[in-house]
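Remember, it's 1-based here, ligands and their atoms both numbered in the order they're listed.
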Amino acid sequence: MDDLKGKICVITGGGGVIGASLAEGLGNAGIITVILDINEDAAKKVAKQVKEVTGSASYGMKANVLDKKSLQDVHDKIIKEIGDVDFLINGAGGNSPQATTKLEELTENDIDNLEDGFFGLEMEGFQKVFDLNFTGTLLPSMVFTREMVKRQRGVVLNISSMNAYKPLTKIPAYSAAKSSINNFTEWLSVHFAKVGVRVNAIAPGFFLTNQNRFLLLDEKSGDLTLRGEKIINNTPMGIFGEPGDITGTVLYLLSDMSHFVTGICIPVDGGYSAFGGV
Ligand SMILES: NC(=O)c1ccc[n+]([C@@H]2O[C@H](COP(=O)([O-])OP(=O)(O)OC[C@H]3O[C@@H](n4cnc5c(N)ncnc54)[C@H](O)[C@@H]3O)[C@@H](O)[C@H]2O)c1
């Protein structure tokens, strides 16, 4: 994948767990990374670490994926101070407790307690999660691909999720938004197919990260929680992914090795999406 060396890749949400791990993997492949995050300190910290660990240039900047002007400003700054953007990874995303139901499903015992299910969802929380995951991919794509289209060269990589194929219980906004990412990936790939810009996605399975460790492992014993057990039982490889497991698939989709590949979403999931549960 020598074609990747010296290319410039913008990673939104790059201050987060997956973004940081990806940035390191890309840096090891000689790619110059620009870490964008609403949390400027996190973006700068990741950039510093990537530079130290990989020796490749990395820059951390503040940007809000829900604010077109903020994206436009940072885009212009990158072009002026660093160079043309070759790749965009739309990594900002996530769920929120405000968009999560208490119950997994309703039974006849819950009829007097409907607020714990679908009916208790707050529209504000629902909208926030939907916007972060969908609009937060749409807007950076709009801002960063204009120059790619003019140069007739570039790659967009979106981050989907297992929720895109079959929704997980409790998180309908996140599930619907990630499903929309797969649809948008296909739409944009067709729109750009004749102007040299490829658009693909990856769908990570279950990764043990600092944010979900408490949900998946018992703090004291380190044993799997019930939810953690369910996930492992439905992951044919029988393990959680490590953030670094995503790197190879991403490098392939960014590289010219996949020059005839556009509009797809590759699961990186230890077999989770292939398993019917029996
Ligand atoms: N962790 C997992 O197991 C997993 C699984 C499947 C998919 N994903 C997806 O991977 C992506 C990264 O997830 P992660 O686990 O690294 O999450 P994370 O919470 O560690 O990182 C997300 C980053 O996005 C930033 N962000 C939030 N709102 C923003 C905004 N408006 N503008 C710019 N940046 C903003 C946050 O500050 C944070 O640094 C997300 O799209 C997530 O949905 C994660």
Under 3.5 Å, N or O to N or O, is [X] touching ligand 1 that way?
X    : value
Y174 : yes
F206 : no
S160 : no
I159 : no
V17  : yes
V65  : yes

Winner among [options] once heavy atoms are compared against [atom]:
atom                    : options             : result
atom 6 (C) of ligand 1  : P204, S70, A20      : P204
atom 22 (C) of ligand 1 : P243, S21, G19, G93 : G93
atom 40 (C) of ligand 1 : G91, A43, A63       : G91
atom 37 (O) of ligand 1 : I35, D37, L139      : D37

Answer with side chain, backbone, both or neither: which part of [X] has a heavy atom less than 4.0 angstrom from an atom of ligand 1?
X    : value
L132 : side chain
A203 : neither
A42  : neither
K178 : side chain

- Message: A quick test of your reading: do over 12 heavy atoms of other residues, nucleotides or ligands sit less than 6.0 Å from NZ of K45?
- Response: no
- Task: Check whether any heavy atom of G136 sits under 4.0 Å from an atom of ligand 1.
- Result: no
- Does at least one non-hydrogen atom of G14 fall below 4.0 angstrom from an atom of ligand 1? no
- Query: Are R151 and E147 close enough for a salt bridge, meaning some N to O gap below 4.0 Å?
  - Reply: no
- Run the salt-bridge test on K69 and D73 with the 4.0 Å N-O cut-off and return the result as yes or no. yes
- Query: Where do F130 and A173 come nearest, in terms of heavy atoms and distance?
  - Reply: CD1-O, 3.9 Å
- Determine the minimum heavy-atom distance between D269 and G205, stating which atoms define it. CB-CA, 3.7 Å
- Item | Aromatic ring pairing W187/F184, orientation class (parallel under 30°, perpendicular over 60°, tilted between) | parallel
I need the atoms of ligand 1 closer than 4.0 Å to a non-hydrogen atom of [X], numbered in the order shown.
X    : result
F207 : 3 (O)
G205 : 5 (C)
N64  : 30 (C), 31 (N), 32 (N)

[X] versus [Y]: any side-chain heavy-atom pair under 4.5 Å?
X    : Y    : result
C265 : T185 : no
T100 : N95  : yes
D245 : F207 : yes
F87  : L26  : no

- S70 and N64 side chains, donor-acceptor separation under 3.5 Å: no
- Output yes when a side-chain donor or acceptor of S160 lies under 3.5 Å from a complementary backbone atom of A203, and no otherwise. no
